[in-house]
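Quick notes on the structure that follows.
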Amino acid sequence: MKMTDFLHIMPVSKPSVGAVGKTGAWRVFKPVIDHEKCTRCGLCWIYCPDESIELEDDDTPRINYDFCKGCGICSDVCPVKAIRMEAEEIG
Amino acid sequence: MSVVRNLGLTKEKFLLPGHSACHGCGLAINLKIVLKVLGKRTLLVIPACCSSVIQGPYPKVAFNVPTMNIAFASTGAALSGVSRALKMRGIEDVFVVGWAGDGGTVDIGIQALSGAAERGENILYICYDNQAYMNTGIQRSGSTPYGAWTTTTPIVGKKQFPKDLPLIMAAHRIPYVATASLGYLADMIRKLRKAKEIRGPRYIHLFSPCPVGWRHDSAHTVRIAKLAVETWAWPLYEVENGKVKVTVKPKRKPLKEYISLQGRFKRLTDDEIKRMEEEVIRRYEILLKMEESGIEF
Amino acid sequence: MAKWEMMTGNKAAAVGAKLARVQVIPAYPITPQTTIVEYLSKFVEQGELKAEFIRVESEHSAMAACIGAAAGGVRAFTATSSHGLLLMAEMVFWAAGARLPIGMAVVNRALAPPWNIHVEHTDSHSQRDSGFIQFYAKDNQEVLDTIILMYKVAEDERVLLPAMVCLDGFILSHTYMPVEIPDQEDVDAFLPPYEPKGFLLDPDKPLTYGSLALPDHYMEMRYDIQRSIEAARDLILKYSKEYKEIFGRDHGGLLETYKVEDADYLLISMGTLGEEAKVAADTLRKDGIKAGAVRVRVFRPFPTKTFVNTVSDKNALIVVERHLSLGGIGGALGTELKALLYGKTDVPIFDYVTGLGGRDTTYLDLAKIVKHSIKTGKPEDNYMWYNLKIG
């Protein structure tokens with residue numbers, strides 16, 4: 001596009017998912033939910049700093065591995081220890 | 001038991017996934033909660049701080065509310081301008097919120113905040129305190145705790161106790177001041193909801209653990225946010241119309257339980273820990289005394 | 001029916017802002033601007049001007065609050081001087097980068113130490129890189145008229161940049177002159193209510209303003225500011241013409257010229273020196289020297305074609321200015337004029353620095369300067385001091 005195509009070029013940004021890309025690539029450890037133990041309390045969902053846990057209609061949590069950075073908070077706060085952190089595969 | 005149902009939090013996302021906050025960042029959790037409570041009709045004014053960078057580079061941003069980035073010292077002033085503009089335009093149902101780090105609030109931002117508070121501007125100012133200039137790489141701020149390692153206090157640690165900004169704001173006689181911690185969600189949400197309903201200057205000081213700056217395990221952010229309150233290092237209180245109320249009164253745990261999880265306190269000697277603990281207890285008791293005496297600011 | 005009133009330049013600025021229906025006024029006092037904010041406080045408190053006055057706690061906060069207000073969708077105005085302008089410098093640059101059409105009156109005053117409250121142009125020249133549009137007024141009428149004009153230019157969607165009107169400290173700010181106050185309805189017809197055409201904080205359209213931009217994006221934004229401020233040249237002329245049609249007054253466009261067509265020598269200056277220069281030109285003509293005067297009314301955007309066309313084919317150009325870039329090769333006006341004309345003409349250009357700290361400079365001084373220049377034939381140096389009490 002040529003500069004003349006724009007009326008103005010201003011520092012205005014649009015809300016976007018993945019503003020810096022797929023942050024799932026940052027992971028070294030990956031959280032895995034054991035849905036049998038899970039009581040669907042929602043603590044992992046509210047405490048995920050990356051909005052990478054979604055709650056389904058019945059509040060079942062699903063991890064969005066595209067963006068999960070593997071910080072381990074969900075595993076640490078789970079009251080029934082239903083989330084374990086597994087090492088990511090290399091490569 | 002459901003966090004969602006008990007706390008009445010929306011599943012709507014205002015902080016979008018794919019931002020560049022560090023693993024386990026306390027500020028990201030805080031912002032997420034704050035925006036879910038305040039809702040869609042919120043305007044954010046953000047000075048130079050971690051938040052101005054984690055939002056992502058132009059032309060994309062990870063915030064789904066209108067946001068104005070502003071210069072470091074200016075949050076209180078810019079907020080005043082936005083608030084008055086909305087008043088001139090007759091817009092009543094929009095929340096004007098400042099979202100600033102401790103550096104931009106307690107140090108370089110204090111003048112503008114103090115001016116806005118003294119003028120009685122209709123603004124909600126939220127400081128997420130990660131207790132140092134984290135965005136520029138962990139330099140000491142007025143909020144850094146006694147003894148903490150930072151890159152500008154690398155050997156001897158911080159020699160001073162932190163500035164008590166919530167009490168400074170209470171001395172401005174504004175309608176509402178509160179401290180909160182993401183480790184105590186119900187208390188934090190109640191305070192945010194209360195602040196939403198009040199008009200005039202409101203100030204909320206949030207505890208915001210920083211795994212990189214505090215040298216703690218990224219998984220321990222919430223755990224540390226609970227221990228801070230339980231050891232009285234981060235008292236939870238509010239000052240509503242000048243009256244102090246300590247909103248959570250835990251049985252005190254030894255400070256070592258909070259300190260030992262954080263590498264920034266590794267350099268503390270036993271004497272320094274003792275001094276720190278004495279001061280923590282002293283300040284907590286001052287708050288209790290203020291509450292008991294019914295004193296009004 | 002327009003009214004006439006004897007008023008100071010400061011009152012003219014305040015009345016201009018009132019007529020422009022500014023909506024949020026964050027302002028802080030500083031000599032010699034103070035009475036601007038005092039008048040505006042009175043207008044607001046008496047109900048003559050429906051606006052929010054924010055009694056900010058510093059000039060830095062004044063401009064930050066203007067930025068917040070403009071982003072919130074209203075017309076914002078502030079005023080300052082000297083150290084106040086320098087204190088708010090960070091936000092002056094920010095306002096331009098933010099593309100917000102904020103208006104400001106700057107009462108020109110020298111810088112400290114030592115404290116000096118008298119006129120000098122160093123304060124506003126220090127901000128000439130900011131992207132603000134800069135006007136310099138020669139009398140109180142022009143102050144009032146240009147405050148209204150500046151919003152029309154600044155808010156045009158091709159511009160979207162902040163603007164300042166500079167007036168000489170004490171000489172204009174505190175001196176009474178007859179000023180015609182236009183009718184509010186006529187001003188409303190010329191300057192409609194503010195409509196944000198750039199960024200607006202709007203919950204129905206969540207956008208983020210001023211976030212991080214990496215090297216592959218930043219330069220084009222600067223390019224856009226430059227392109228927009230250059231577009232302001234034609235718009236200033238266009239809107240000045242409209243203003244003249246409604247109000248019967250035009251203060252010269254980009255350059256106000258006086259007896260230049262047949263002149264051999266041109267006195268080039270800014271602010272009230274521009275008026276003195278006209279009297280000096282007439283005085284010189286009585287002595288048989290064909291002199292003319294050029295007053296640079298708009299310093300940013302710097303007049304290019306207009307200047308080149310006006311000053312070519314003269315025997316000499318004599319710049320007299322109340323500014324010196326310390327460590328540089330002259331004052332801002334002389335230096336930029338020489339740069340503009342380089343390679344286009346070999347007319348000798350004299351740059352005289354005088355009047356710093358408000359030292360009085362009259363038409364007699366200007367006539368003396370012209371005669372001295374004619375005698376020396378060529379400039380003695382990159383710039384020359386005039387009326388210095390040393391050497």
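Keep in mind the model is a prediction, meaning the values are calculated, not measured. Below, chain A is the first sequence line, B the second, and so on; all start at residue 1. Scope of the values below: all heavy atoms of this structure, side chains included, with no hydrogens, waters or symmetry mates.
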### Task
Please state whether the side chain, the backbone, both or neither of Ile70(B) comes within less than 4.5 Å of a heavy atom of chain C.
both
### Portion of Val45(B) that has a non-hydrogen atom of chain C nearer than 4.5 angstrom
neither
Region of [X] in contact with chain B, defined by heavy-atom distances below 4.5 Å:
X: Val24(C); result: side chain
X: Met63(C); result: neither
X: Phe93(C); result: neither
X: Met88(C); result: neither
X: Ile67(C); result: both

### Query
For Pro203(C) and Val94(B), which heavy atoms make the closest approach, and how far apart are they?
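That closest heavy-atom pairing would be CG-CG2, 3.8 Å.
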### Contact summary for Met68(B) and Ala71(C), nearest pair of heavy atoms
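Nearest heavy atoms, Met68(B) then Ala71(C): SD-CB, 3.3 Å.
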### Summary
Counting heavy-atom pairs under 4.5 Å with chain C, the top scorer among Ala116(B), Ala73(B), Gly56(B), Ala71(B) is Ala71(B)
### Best-contacting candidate, Pro66(B), Gly76(B), Ala77(B), Pro59(B), against chain C by heavy atom pairs under 4.5 angstrom
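The residue among Pro66(B), Gly76(B), Ala77(B), Pro59(B) with the greatest pair count is Pro66(B).
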### Message
At a heavy-atom distance under 4.5 Å, which candidate from Val74(C), Val56(C), Leu201(C) has the highest pair count against chain B?
### Response
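Maximum pair count with chain B is reached by Leu201(C).
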Candidate polar pairs, chain C side and chain B side, donor-acceptor under 3.5 Å:
| unit_1 | atom_1 | unit_2 | atom_2 | d |
| --- | --- | --- | --- | --- |
| Glu52(C) | OE1 | Arg84(B) | NH1 | 2.8 |
| Glu52(C) | OE2 | Lys87(B) | NZ | 3.2 |
| Phe53(C) | O | Arg84(B) | NH1 | 3.2 |
| Glu57(C) | OE1 | Arg119(B) | NH1 | 3.0 |
| Glu57(C) | OE2 | Gln111(B) | NE2 | 3.4 |
| Ser58(C) | OG | Gln111(B) | NE2 | 3.0 |
| His60(C) | ND1 | Ser74(B) | OG | 3.4 |
| Gly72(C) | O | Arg89(B) | NH1 | 2.6 |
| Leu207(C) | O | Thr67(B) | N | 3.0 |
| Tyr209(C) | N | Thr67(B) | O | 2.8 |
| Tyr209(C) | O | Asn69(B) | N | 2.9 |
| Tyr209(C) | O | Asn69(B) | ND2 | 2.9 |
| Ser211(C) | OG | Gln55(B) | OE1 | 3.4 |
| Ser211(C) | OG | Gly56(B) | O | 3.1 |
| Leu212(C) | O | Tyr58(B) | N | 2.7 |

